[in-house]
2 protein chains.
Amino acid sequence: MATIGDVARAAGVSRSTVSYALSGKRSISRETRDRIDEAIKTLGFTVNAGARALATSETMVIGLLLEFHDDEFPPAMLQYILAVSTAAREKGYDILMVTDADGPGAVTRITSSNMVDGVVLLDVTHDDPRLDALRAASQPGSLVGLPRDTQDVDVFDLDFGEAARMLVDHLYGLGHRKIVLVSPPRHVFDRGGAYAWRFRDAAVERAARYGIHIYPYYGESQQPGISRSLNAILDARPDATALIVHNDASIAVLPAVLHERGVQVPRDLSVVSLYSQDFGRSFLLPYTAVETSPDKLGREAVQHLVRRINDPGDSPTVAKFIEPELTIRGSTA
Amino acid sequence: MATIGDVARAAGVSRSTVSYALSGKRSISRETRDRIDEAIKTLGFTVNAGARALATSETMVIGLLLEFHDDEFPPAMLQYILAVSTAAREKGYDILMVTDADGPGAVTRITSSNMVDGVVLLDVTHDDPRLDALRAASQPGSLVGLPRDTQDVDVFDLDFGEAARMLVDHLYGLGHRKIVLVSPPRHVFDRGGAYAWRFRDAAVERAARYGIHIYPYYGESQQPGISRSLNAILDARPDATALIVHNDASIAVLPAVLHERGVQVPRDLSVVSLYSQDFGRSFLLPYTAVETSPDKLGREAVQHLVRRINDPGDSPTVAKFIEPELTIRGSTA
DNA sequence: ATTCATCTTCGAACCGGTTCGACTACTTTA
DNA sequence: TAAAGTAGTCGAACCGGTTCGAAGATGAAT
């Protein structure tokens with residue numbers, strides 16, 4: 001591997017001159033620049049990332065922290081990963097992806113050793129133990145998911161409360177008075193997945209305001225439990241005319257379950273949900289739904305993080321809730 | 001951030017002594033070690049990864065290269081990512097995940113700048129352009145997926161040919177003589193996804209040897225095309241008694257399609273496939289299938305890579321085909 | 001003709017670690 | 001009792017970059 005010293009020697013200049021030619025931070029004469037460029041070409045020189053990081057205290061790497069839970073539906077998570085990765089690369093950053101079971105430890109490890117310039121935390125829970133580690137770090141962080149204490153952290157999330165109200169309003173407006181709600185699995189609530197109860201509580205409250213009935217249930221996370229629980233719920237509420245599904249795993253198998261039961265949408269039952277457009281395309285989900293926009297969330301989290309990396313201290317803490325958008329797909333009547 | 005110099009000063013020793021205390025490469029007296037440990041605790045010292053990488057030429061980071069294609073089914077890829085990440089962490093490595101559209105460029109970028117000690121390439125195609133970049137690099141690489149030219153590279157893949165023969169044998173043994181094969185989408189073949197034709201060609205050849213009929217078709221990658229194509233295929237071959245599905249997206253929706261057609265498995269039709277156990281649990285897939293073992297593949301790729309990182313040159317090039325295993329789930333008769 | 005600013009380049013210091021060779025103080029061994 | 005290890009420590013060099021201050025050359029302003 002050629003070093004900057006090799007390039008300097010080949011071009012007959014000093015190392016600092018090569019460095020300035022590379023960065024453009026001082027002016028370099030035409031001929032010198034040409035000689036340096038040529039030397040770089042013939043030697044195949046590339047800046048050593050570790051050395052540059054040491055000298056500049058910038059790694060140009062962003063840490064991406066995520067944990068896989070058995071009760072999570074994998075396809076959804078992948079969309080966030082991809083969004084973060086793409087957005088980071090556009091800003092010149094690479095992604096150090098950490099899937100450690102020990103989240104707080106992982107945060108501390110990569111920040112205190114200065115492996116990254118900042119971190120993105122996915123799937124943040126209400127009492128996320130990673131937050132203390134993040135606050136102790138000298139690098140900024142962006143969260144996807146809403147914790148209880150948002151002090152000193154930047155949060156990006158869908159406005160699940162508003163999404164719930166939007167869907168209830170939509171169904172109420174069409175005349176529905178008895179609505180079944182399938183929430184995420186119980187473990188998600190237990191673990192502190194705030195999005196689960198933010199959505200459910202808002203839906204329940206809205207229904208109460210309208211004086212209509214809403215029946216909340218937990219979904220399941222793995223087959224064959226998912227189909228079984230959906231059937232049990234539908235059996236238990238034969239009088240409900242609408243279904244709100246707030247669970248990726250459940251919505252993915254719903255078409256099969258409804259078909260098996262001979263239920264026609266929207267003739268026999270109106271169905272609404274929350275999922276991303278891409279998700280709906282991988283599966284066959286022709287339901288009116290709130291778009292969850294993982295790409296938008298991931299992108300905003302990264303963009304804000306980069307801004308904070310580049311002027312630390314200055315940028316104020318942010319809690320941004322993406323406004324939900326309803327995509328009508330004709331599954332309600 | 002405390003440096004090794006701060007620790008040395010606090011403990012009243014030289015920087016090299018602290019370094020040796022950390023690495024254990026030279027003996028240190030009991031008292032000195034205690035003073036150093038204490039200084040590290042109170043200062044909250046962590047080794048700077050960039051500086052260590054510069055000094056040792058080891059980053060303890062493995063690059064993971066993957067590209068997302070629209071015609072791929074996301075859940076499958078995630079299993080590989082997770083397997084690689086977990087296996088790497090067990091060996092003390094972190095993962096730099098690169099999803100660049102420009103694969104070869106990404107390989108060159110992270111290797112020539114010495115950001116990584118080695119790379120894992122996922123989803124390698126027959127004429128994968130990333131291979132030249134990898135061969136030009138000074139770091140070793142492990143591939144998941146079989147390229148045409150395996151010179152100087154380590155390959156880990158399922159033995160798709162054997163898997164196909166296994167499934168054909170299984171069906172032949174049960175008396176089936178007309179078999180439909182749903183392969184991956186045409187794009188996968190075009191792009192050079194060798195696993196697609198390795199499986200198909202082996203199946204066709206085996207069927208020919210038995211003198212039975214096999215009807216190969218391309219699957220689709222996105223809804224509603226997947227269901228439509230499956231229906232079209234089943235319509236076209238009403239006399240077939242067995243179905244081999246070699247496509248994640250298709251197998252995931254097959255239960256719904258079959259149910260809609262009123263086809264009972266295995267009474268009316270025998271079905272076999274290839275997928276991982278985890279995949280089968282996310283969806284409802286009660287089919288006899290060859291286990292694709294993404295965890296085993298990812299783990300082996302990483303383990304071998306780490307071995308090569310630690311003794312370069314020595315370890316011979318390897319092309320390891322995981323032996324397929326048939327999991328009987330009673331979907332054949 | 002002198003002063004001053006600008007352009008271009010160099011040398012040295014620094015970032016934060018690791019590692020080699022040498023030195024001191026004790027133990028062993030012959 | 002002299003020679004040979006061995007344990008414990010230090011200083012210096014090095015890894016490969018960046019950046020600051022200085023300095024020579026050139027040209028413009030006074």
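In the text below, chain A, chain B and the rest are named by the order of the sequence lines, each starting its count at 1.
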OP1 or OP2 of D:dG11 under 4.0 Å from side-chain N/O of B:Ser14: no
Nearest listed nucleotide, side chain of B:Thr17, among C:dA13, D:dT9, C:dT18: D:dT9
Of B:Gly5 and A:Ser27, the one whose closest DNA chain C nucleotide lies more 5': A:Ser27
Of the listed nucleotides C:dA13, C:dT18, D:dC10, the one nearest the side chain of B:Arg26: D:dC10
Whole-Å gap separating P (C:dG16) and CG (B:Leu22): 16 Å
Protein-nucleotide distance (A:Phe45, atom CZ; D:dT18, atom P), rounded to Å: 7 Å
Side chain of B:Asn48 - closest among D:dT19, C:dG17, C:dC15: C:dG17
Candidate nucleotides D:dT18, D:dG11, C:dG16, ranked by approach to the side chain of A:Ser19 - the nearest: D:dT18
Sugar-phosphate, base or nothing in reach of B:Thr32, heavy atoms under 4.0 Å: sugar-phosphate
Distance in angstrom units between B:Leu54 CG and C:dT18 C1', rounded: 10 Å
Sugar-phosphate, base or nothing in reach of B:Ser29, heavy atoms under 4.0 Å: sugar-phosphate
B:Glu38 atom CD: more than 12 heavy-atom contacts under 6.0 Å: no
Derivation and outcome, side-chain hydrogen bond (donor to acceptor under 3.5 Å, both in side chains), residues B:Thr59 and B:Asp117: CA-CA 6 Å; B:Thr59 63; B:Asp117 293 338; 3.0 Å; yes
Sugar-phosphate only, base, or nothing, as touched by A:Ser16 at under 4.0 Å among non-hydrogen atoms: base
Sugar-phosphate only, base, or nothing, as touched by A:Thr46 at under 4.0 Å among non-hydrogen atoms: sugar-phosphate
Touch class at under 4.0 angstrom, heavy-atom based, for A:Thr3 against every strand present: sugar-phosphate
Gap between atoms CZ and C1', on A:Arg9 and D:dG16 respectively (whole Å): 13 Å
5' precedence on DNA chain D between B:Val13 and B:Thr56 (nearest-nucleotide basis): B:Val13
Nearest to side-chain heavy atoms of A:Tyr20, which nucleotide of D:dG17, C:dC10, D:dC15: C:dC10
Sugar-phosphate, base or nothing in reach of B:Ile28, heavy atoms under 4.0 Å: sugar-phosphate
C:dT18 OP1/OP2 closer than 4.0 Å to side-chain N/O of B:Arg52: yes
A:Ser16 vs A:Ser19, side-chain hydrogen bond (donor to acceptor under 3.5 Å, both in side chains): CA-CA, chis, key distance, verdict: CA-CA 5 Å; A:Ser16 53; A:Ser19 178; over 6 Å; no
Atom pair distance, as rounded to whole Å: CD1 in A:Ile4 and C1' in D:dC14: 16 Å
Integer-rounded Å distance: D:dC14 P and B:Arg15 CZ: 14 Å
B:Glu323 atom CD, over 12 foreign heavy atoms within 6.0 Å: no
Salt bridge (Lys or Arg N to Asp or Glu O under 4.0 Å) assessment of A:Asp128 paired with A:Arg148: CA-CA 9 Å; A:Asp128 203 304; A:Arg148 180 216 313 276; over 6 Å; no
Distance below 4.0 Å between B:Lys25 side-chain N/O and C:dT19 OP1 or OP2: yes
Position toward the 5' end of DNA chain C (nearest nucleotide), A:Ala51 or A:Gly12: A:Gly12
From A:Phe156 atom CZ to A:Gln303 atom CD, the distance as rounded to the nearest 0.5 Å: 9.0 Å
Integer-rounded Å distance: C:dG17 P and B:Asn114 CG: 19 Å
